[in-house]
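For clarity, every value in this text was computed on a predicted model and none was experimentally measured.
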Amino acid sequence: MNKAKAKAERKQKLELGIKRRSKKKNLSIFPVARLFGPAIFEASKLKVLFLGVDEKKHPGKLPRTYTLTHSDITSKLTLAISQTINNSQLQGWANKFYRDEVVAEWKKVKGKMSLHVHCHISGGHFLLDWFATLRYFIFCKELPVVLKAFVHGDGNLLKNYPELQEAMVWVHFHSNIPEYNKVECWGPLVEAAGSQQHGKKQDRWASNWELPQPCQDNCDCCFPPMTSIPWPQELPQQNEKHGSHLPLPTQE
């Protein structure tokens with residue numbers, strides 16, 4: 001009788017252990033909130049597409065836009081370099097749900113080139129609003145990797161025009177929450193792409209920056225007021241503490 005009871009108890013413990021291990025396994029494969037995979041850039045995982053642009057054509061003479069997306073299945077990045085945002089990368093329910101794309105464009109204002117990067121923090125559906133703080137943190141943490149992908153993918157351009165490495169990087173965070181709806185100056189591209197500590201890097205530039213404004217009249221030193229990125233560009237009055245606040249973008 002005691003042997004049968006002991007055998008039954010061992011069987012019960014074994015079954016309980018299997019259930020616990022199964023539960024832990026299921027928890028481990030549950031999707032984790034993370035954008036663009038690891039915080040280390042791996043060139044082997046970057047696929048670059050040149051769509052209607054010359055690899056060596058200066059962006060001051062021809063519009064140049066970057067569209068960067070990430071695959072959760074392959075953990076690979078796809079970078080499209082084109083004259084306008086590559087909307088074909090942004091189709092599908094996953095892209096519309098996660099909104100983890102990063103788009104950027106080169107601009108010329110008063111003779112100086114600058115790179116303007118756009119990130120969607122929140123707005124569109126309630127889950128993005130719930131995780132706005134986390135999304136802002138992750139975008140800031142991963143942006144040096146994103147910039148490295150731009151530098152690596154468009155390497156021939158930067159090799160032929162090394163002065164673009166010193167172009168200022170302006171990061172436009174789009175959100176329906178005022179705290180995260182702003183523009184930040186990240187400094188020269190060569191420094192922003194090489195930094196792993198967003199806080200220290202931004203402190204250096206945040207105290208003394210002004211978003212470049214184009215000339216009011218027609219000129220040759222500025223790009224036309226149009227943009228290759230179909231996200232709202234108008235900026236309300238600048239907030240000295242948090243930067244310039246932006247209207248909420250929509251994905252077409």
Stepwise side chain to side chain contact (heavy atoms under 4.5 Å, CB included) test for W186 and V117: CA-CA 10 Å; W186 280 49; V117 183; over 6 Å; no
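The aromatic rings of H174 and H118 lie parallel to each other, their planes meeting at an angle below 30°, with 60° marking the opposite boundary.
Heavy atoms only, all atoms of each residue included: K148 and A193 are closest at CE-O, 2.7 Å. In terms of heavy-atom proximity, A80 sits nearest to Q89 at CB-OE1, 2.7 Å.
Checked against the 6.0 Å centroid criterion, the rings of F139 and F173 do not qualify as a close aromatic pair.
With sequence neighbours left out, K76 forms a side chain to side chain contact (heavy atoms under 4.5 Å, CB included) with K45, T74. For T133, the side chain to side chain contact (heavy atoms under 4.5 Å, CB included) partners are Y180, not counting sequence neighbours. In this view, N156 and E55 satisfy the side chain to side chain donor-acceptor pair (under 3.5 Å) rule, not counting sequence neighbours. Here T65 pairs with S228 under the side chain to side chain donor-acceptor pair (under 3.5 Å) rule; sequence neighbours left out. In this structure, the side chain to side chain contact (heavy atoms under 4.5 Å, CB included) partners of H58, at least two apart in sequence or on a different chain, are M113, Y161, E163, L164.
In this structure, CG in L115 is found 6.0 Å from CG in L189, a value given to the nearest 0.5 Å. The NE2 atom of H70 sits 11.5 Å away from the CG atom of L46 when rounded to the nearest 0.5 Å. A distance of 7.0 Å separates CD1 of I121 from SG of C140, quoted to the nearest 0.5 Å.
No side-chain donor-acceptor contact under 3.5 Å links T78 and T69.
Around atom CZ of F50, more than 12 heavy atoms belonging to other residues, nucleotides or ligands sit under 6.0 Å away.
Looking at T67 and E101, their side chains never come closer than 4.5 Å, going by heavy atoms from C-beta outward. No side-chain heavy atom of V146 sits less than 4.5 Å from a side-chain heavy atom of C119.
None of V102, V169, L68 except one satisfies the side chain to side chain contact (heavy atoms under 4.5 Å, CB included) rule with L147; the exception is V169. Of the listed residues (K107, H172, E105), just one forms a side chain to side chain donor-acceptor pair (under 3.5 Å) with H116, and that residue is H172.
Remark: the backbone N or O of D100 is not paired with any side-chain donor or acceptor of R135 at under 3.5 angstrom.
L49 belongs to a hydrophobic cluster with L51, counting contacts under 4.5 Å between side-chain heavy atoms of Ile, Leu, Val, Met, Phe, Trp and Tyr, direct or through other members.
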